[in-house]
Amino acid sequence: MSFFGLDAPIRYAGPDSKDPLAYRFYDKNKQVMGKRMEDHLRFSACYWHSFTWPGGDPFGGETFLRPWMHGSDPLQMARDKADVAFDMFKLLDVPFFTFHDVDVAPEGASLAESVKNLETITDIFAEKMGQTGTRLLWGTANLFSHRRYMAGAATNPDPDVFAYAVGQVKAAIDATKKLNGENYVCWGGREGYETLLNTDMKKELDQLGRFMSMLVDYKHKIGFSGPILIEPKPREPSKHQYDFDVATVFGFLQKYDLLADVKVNIEQNHAILAGHSFDHEVRLAYALGVFGSLDINRGDDLLGWDTDQFAMNVSELTLLFHEMLKQGGFTTGGLNFDAKIRRQSIDPQDLLIAHVASMDACARALLAAEAMIADKALEGPLAARYSGWASPDNQAILRGESDLETIAAKAMAGLDPQPRSGRQEYLEGVLNRYV
Ligand code: XLS
Ligand code: NI
Ligand code: NI
């Protein structure tokens, strides 16, 4: 019997099922707007929260007591962890997974030793991926946990720390390429500051710009075809992080000429921490042409920190998928569960149940969004609201074929625009008809 006490993969059993280990809405082969549900949602389980996080919080330590986290041989522990991880991927039948370098292999006494350990474990991954068909959505380097990174990685005042981070990121993108990862993610965990009293902001931004440019050059050199993704977050662990939100990252990419190669990985709760909604960030990323991938974990309404809970809110997810379906959905991205079960959820099956419940919430929302699009429930009123812009003279304005004086003359000739209702409550009611 496996760690999870389950041998057969979890299957679709239909909406009437009461089994927490069966899918009620996630029916991977079901066609939704001409594509299989699995190909729309592109679910990914993450390594770090599920298999390396011990269940601690700032006031207390480990609660999970995972067997693979207690041993004397770090490489053997990493192998045991890989066995359980791939068992979970198979039981959930998720197509993808994600990892940081340090989640999967022990850090050695030197960078060279750490990289060797990473190679050993990723060889095992390659074999397991071949056997199970699980694919890699993205890889990343953890440039924030070790004390050497306490003042940042690429933005560290010490160039030797910058160099160490370059060494780690090179090994991590090499590993991602070796495993045919579809994206490479950079979350700038400590690329920010605690106090401006000791911080040269302009210098740190220039360092980060160089770091990203070199990573892009290297990606091309090794023929890594997926995009590099920056994951915006406004704070935590730093008081202020340079990748604050989608708009800030866009400005950074534009300034350092990285827009052709770098997109964003948007995390639901990072959006909230930045004072936005998730769909705001997603819509803006599409509008600016930088949409890449999603971390689907949510926050808590009362806790102002990154609680990384499994997404369960169908109505919020419906708005997400409505936008995504309109935009054609993911290309290289996917829905990554950068999510932790709560520290009281200590039963092995809690890990499975959490993924299943959240995948079902997403699948249900995808179906609701499909129905809304078929009915033009939101698109109809939206098109009507902007319909005035369809006339030839107004189209000409947008094409740049008019000027300030011409338009002003039209207004002066007696224009008298009449306000119209924004119909917000009507639209909120419409959404609720589908969820
Ligand atoms: C932390 C981030 C992190 C990234 C990967 O808040 O969400 O988990 O997704 O480094
Ligand atoms: Ni996060
Ligand atoms: Ni994340």
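All of these numbers come straight from a predicted model, not from anything done at the bench.
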Donor-acceptor pair between [X] and [Y] side chains, under 3.5 angstrom:
X: Asp375; Y: Tyr434; result: yes
X: Ser17; Y: Asp19; result: no
X: Gln207; Y: Thr155; result: no
X: Asp300; Y: Thr307; result: no
X: Glu323; Y: Tyr286; result: no
X: Asp243; Y: Trp187; result: no
X: Thr120; Y: Asp123; result: no
X: His70; Y: Glu62; result: yes
X: Asn297; Y: His49; result: no
X: Asn117; Y: Glu113; result: no

Exceeds 12 heavy-atom contacts within 6.0 angstrom, atom [atom1] of [X]:
X: Arg385; atom1: CZ; value: no
X: Lys35; atom1: NZ; value: yes
X: Arg66; atom1: CZ; value: yes
X: Lys178; atom1: NZ; value: yes
X: Gln344; atom1: CD; value: no
X: Ile346; atom1: CD1; value: no

Quick one: sort the Tyr242 and Tyr193 rings into parallel, tilted or perpendicular, breaks at 30° and 60°.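 Tilted, since the angle between the ring planes falls between 30° and 60°.
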
Indicate the ring-plane relationship of Phe337 and Phe43, choosing parallel, tilted or perpendicular according to the 30° and 60° boundaries.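 Rings of Phe337 and Phe43: parallel, under 30°.
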
Centroid-to-centroid, [X] to [Y], below 6.0 Å?
X: Tyr218; Y: Phe224; value: no
X: His100; Y: Tyr47; value: no
X: Phe96; Y: Trp138; value: no

Short side-chain to backbone donor-acceptor contact, Arg42 and Leu335, under 3.5 Å: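 No, Arg42 side chain to Leu335 backbone: no donor-acceptor pair under 3.5 Å.
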
Salt bridge (charged side-chain N to carboxylate O under 4.0 Å, His left out) between Lys202 and Asp206: does it pass, once the steps are laid out? CA-CA 6 Å; Lys202 161 98 172 67; Asp206 287 346; 2.7 Å; yes

